[in-house]
Amino acid sequence: MKADGTGRKIHSLIDKVYHRANLELAWKLVKQNGGSGGIDNVRIADFERVAAEELARLHQQLKQDVYRPIPVRRVNIPKRNKPTETRPLGIPAIRDRVCQQALKNRLEPIFELTFSDCSFGYRPGRSTHQAMRKIYREIMNGCEWVVDADLRDFFGNVQHERLIDMISERISDGRILRLIRQMLEAGYMENGVKFQTVSGTPQGGIVSPLFSNIYLTPFDRAMENKGYRLIRFADDWVVLCKSREEAVKVFADAKVALEALGLTLHPEKTRITHISADLNFSAIS
DNA sequence: CTACGTAACAC
RNA sequence: CUUGUGUUACGUAG
């Protein structure tokens with residue numbers, strides 16, 4: 001183990017994680033089969049025995065470096081605001097979710113230290129409320145022009161090689177890096193047909209939100225280095241500007257920074273506004 | 001602070 | 001077999 005090996009090995013983190021997943025599954029099972037008679041103790045005991053076996057197998061596979069994630073199950077759900085459009089979820093198997101949780105537990109404390117102060121999405125101790133407060137503070141400082149932007153299919157366009165490069169700046173354990181690569185390249189299953197994944201990190205994966213912040217941190221830094229007042233929540237970000245001219249420049253610079261990551265702006269959800277309309281992360285469009 | 005549960009919000 | 005992360009509020013038990 002190298003510099004990042006100060007923490008526990010990933011397979012030693014599995015136990016706690018699995019306990020949670022175990023209970024969650026047991027509960028689903030009870031709800032499915034129980035119905036009238038309440039909790040069926042026999043079924044839970046039976047389930048927990050199988051779960052314990054699965055856990056032991058997972059430990060063993062990770063220790064011996066023979067663990068392979070299976071393709072995620074893809075299901076398209078309608079978007080909240082627009083019922084016509086759908087969003088592809090990639091749902092990993094329970095066993096793989098357990099593994100991802102253990103991975104996240106290990107990666108998060110390391111990468112939290114590298115994240116920018118302007119990043120508010122999916123981060124412990126940070127909320128939309130805090131992001132809003134920062135926006136209002138900048139408006140009070142005289143920033144009346146708002147660049148309001150969204151990335152086109154961000155989760156689907158994460159480039160595997162770039163992401164792994166970024167992770168390897170802090171993680172030198174080759175086993176962990178191989179594990180991440182396998183998760184990214186596991187592919188997906190839709191209507192019983194297997195597809196390969198050339199890019200993207202599955203929406204529904206436990207590590208995906210963390211990956212999204214790792215992937216966009218170079219963008220955060222690039223914008224900060226230009227002196228822009230960026231506030232980012234996942235793939236949704238705003239820059240507060242003192243003039244319309246500055247706002248126009250933000251677009252050009254953002255485009256360049258995003259291009260390096262293989263990302264483009266969503267044209268319909270990206271615009272410049274003046275603070276006459278109200279502003280928040282939900283009512284952006 | 002931990003564990004179980006409910007609800008809401010963001011993406 | 002509609003997922004995930006994060007935040008917040010509340011209830012119960014330590």
Aromatic ring proximity A:F195/A:Y188, centre distance under 6.0 Å: yes
A:F154: what forms a ring-ring contact (aromatic ring centres under 6.0 Å, His included) with it, not counting sequence neighbours? none
Atom CG of A:L89 to atom P of C:C1: distance rounded to whole Å? 16 Å
Has A:K269 got a side-chain N or O lying under 4.0 Å from the OP1 or OP2 atom of B:dC11? no
Nearest-nucleotide 5' precedence on RNA chain C, A:N76 against A:R126: A:N76
Salt bridge flag under 4.0 Å for residues A:E246 and A:K249: no
Between B:dT6 and C:U3, how many Å separate the two P atoms, rounded to a whole number? 13 Å
More than 12 heavy atoms of other groups within 6.0 Å of A:Q196 CD: no
Closest nucleotide among B:dA10, C:G6, C:G4 to the A:E108 side chain: C:G6
Separation of C:U5 atom P from A:L210 atom CG, nearest Å, is 12 Å
Verify the distance criterion only: is there a donor paired with an acceptor across the side chains of A:Q61 and A:R95 at less than 3.5 Å? yes
Between the side chains of A:E161 and A:R181, is the shortest nitrogen-to-carboxylate-oxygen separation below 4.0 Å, so that they form an ion pair? yes
Neighbours of RNA chain C within residues 179-207 of chain A, by heavy-atom distance under 4.0 Å: A:G204, A:G205, A:I206
Any idea which of C:U7, C:C1, C:U5 is nearest the A:R73 side chain? C:C1
Nucleotide of C:U5, C:U3, B:dC11 approaching A:A234 most closely (side-chain heavy atoms): B:dC11
Could you state the CD1-C1' distance from A:I91 to C:U3, rounded to the nearest angstrom? 4 Å
When both hydrogen-bonding distances must be under 3.5 Å and the geometry is Watson-Crick or G-U wobble, what is B:dA8 paired with, if anything? C:U7
